[in-house]
Amino acid sequence: MRASDSERERIAELLREAVAEGRLTMEEFEERLDAAYRARTHGELEPLVRDLPEPGGLSGSPAAAVAPATGRGRWRGRVGGAATSRTAFALWGGFGRKGTWTVPRRFTAFALMGGGELDLREAHFEDGEVEIRCFALMGGISVVVPPELRVDVTGIGFMGGFGESGGDSVPDPSAPRVRITGFAMMGGVDVERKRTKAEKQRLKAERERERLERGEGGGGRKELG
């Protein structure tokens, strides 16, 4: 599997801990650090820390450091990679981020007498934890997220507010965590959990197939009786 920038940085941090504890010489540290930043796959990263314990420990292996930030499930291929956009600004107008864009570790959105939309339903994430800072002054910002995403909304409103809807869904523990913060004055930031049309159609088709299977099974049991 291809390695991400965040995974290379975690390996580099383990190497710094190791040289500070006297487990590596400076020559070994410099050689491994250079190899870590040049690595392109997990297979190139793992040997660099295979003989090192967890930071501050006496035994164990830090191999988990090269695992993707969320590690499993449908999100495995959506974490890691370079951010495609870090800011968005609207003045008497609007902005939009949709589709398969990559959300950075920290994204800042600003709307002054305008509006904007951030759609994360098909987005990728630079890391397993990202922060989106929203500032709405006499304007509005809409953030659309999939129901399974882990989202924390902690923004402050003055003559405005931060709203969250669709909270009856159950977040996926393996999903990235998105913290939405910021400030709204005479404006608002709305966070909505919503599925894409393609996802709705897929779920509808699955329910229809299950219904037909149950109906066929029930018919068979009735005939057998």
Side-chain angles (χ1 to χ4, degrees), residues 4-7 9 68-70 73-204:
S4 69
D5 289 340
S6 61
E7 290 157 6
E9 189 56 42
T70 55
R74 54 173 289 197
W75 303 95
R76 179 183 296 273
R78 293 176 62 178
V79 177
T84 55
S85 177
R86 297 188 180 277
T87 59
F89 181 82
L91 173 62
W92 297 344
F95 62 78
R97 299 291 186 276
K98 301 180 181 181
T100 55
W101 66 295
T102 301
V103 185
R105 293 183 183 88
R106 174 173 287 186
F107 183 89
T108 302
F110 184 86
L112 173 62
M113 300 181 67
E117 180 181 6
L118 303 175
D119 192 335
L120 309 187
R121 291 177 294 178
E122 298 178 357
H124 291 221
F125 301 86
E126 186 177 24
D127 203 353
E129 291 198 14
V130 302
E131 178 184 10
I132 297 178
R133 302 187 302 170
C134 298
F135 300 94
L137 306 179
M138 293 184 289
I141 298 175
S142 172
V143 184
V144 185
V145 302
E148 300 83 7
L149 195 66
R150 297 185 297 165
V151 180
D152 299 325
V153 182
T154 59
I156 299 174
F158 177 73
M159 298 174 61
F162 278 69
E164 185 175 4
S165 59
D168 55 340
S169 59
V170 179
D172 184 348
S174 69
R177 180 179 297 278
V178 178
R179 294 186 296 115
I180 299 177
T181 66
F183 180 74
M185 183 175 73
M186 299 179 67
V189 177
D190 179 53
V191 181
E192 181 183 10
R193 293 184 179 273
K194 184 179 179 182
R195 299 188 185 277
T196 63
K197 291 183 178 180
E199 184 71 7
K200 289 180 180 178
Q201 292 174 354
R202 184 184 66 80
L203 293 174
K204 182 179 179 180

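Atoms considered below: every heavy atom in the structure, side chains included; atoms not considered: hydrogens, waters and symmetry mates. Because the structure is a prediction, the values reported are computed rather than measured. Numbers here are sequence positions counted from 1.
- Using a distance-only test at 3.5 Å, with no hydrogens or angles considered, a donor-acceptor pair links the side chain of Arg97 to the main chain of Thr87.
- Annotation for Gly81 and Glu126: closest pair O-CG, 3.4 Å, computed over non-hydrogen atoms.
- Here Leu120 contributes atom CG and Lys98 contributes atom NZ; the two are 12.5 Å apart, rounded to the nearest 0.5 Å.
- The minimum heavy-atom distance between Val144 and Glu117, with the atom names listed, is CG2-OE2, 3.8 Å.
- Counting heavy-atom neighbours within 6.0 Å of Ile156 CD1, excluding the residue itself, gives a total of 12 or less.
- Between Ala109 and Ile141, the shortest heavy-atom distance links the atoms O-CD1, 3.8 Å.
- A pairwise comparison of heavy atoms in Pro104 and Ser85 identifies CD-O, 3.1 Å as the closest pair.
- From Arg78, atom CZ reaches atom CD of Glu122 across 7.5 Å, with rounding to the nearest 0.5 Å.
- If you check the side chains of Glu131 and Thr181, you find a donor sitting under 3.5 Å from an acceptor.
- Salt bridge absent: Glu129 and Arg150 never bring a charged side-chain N and a carboxylate O closer than 4.0 Å.
- Cys134 places a side-chain heavy atom less than 4.5 Å from the side chain of Ile180.
- Here the shortest heavy-atom pairing between Phe162 and Gly182 reads CZ-C, 3.6 Å.
- For the pair Thr102 (side chain) and His124 (backbone), a donor-acceptor distance under 3.5 Å is absent.
- When all heavy atoms of Gly139 and Ala136 are compared, the closest pair comes out as O-CB, 3.6 Å.
- Atom CE of Met186 is separated from atom CE of Met113 by 9.5 Å, given to the nearest 0.5 angstrom.
- The aromatic ring centroids of Phe135 and Phe183 lie 6.0 Å or more from each other.
- Side-chain atoms of Arg86 do not come within 3.5 Å of backbone N or O of Arg106 as any donor-acceptor pair.
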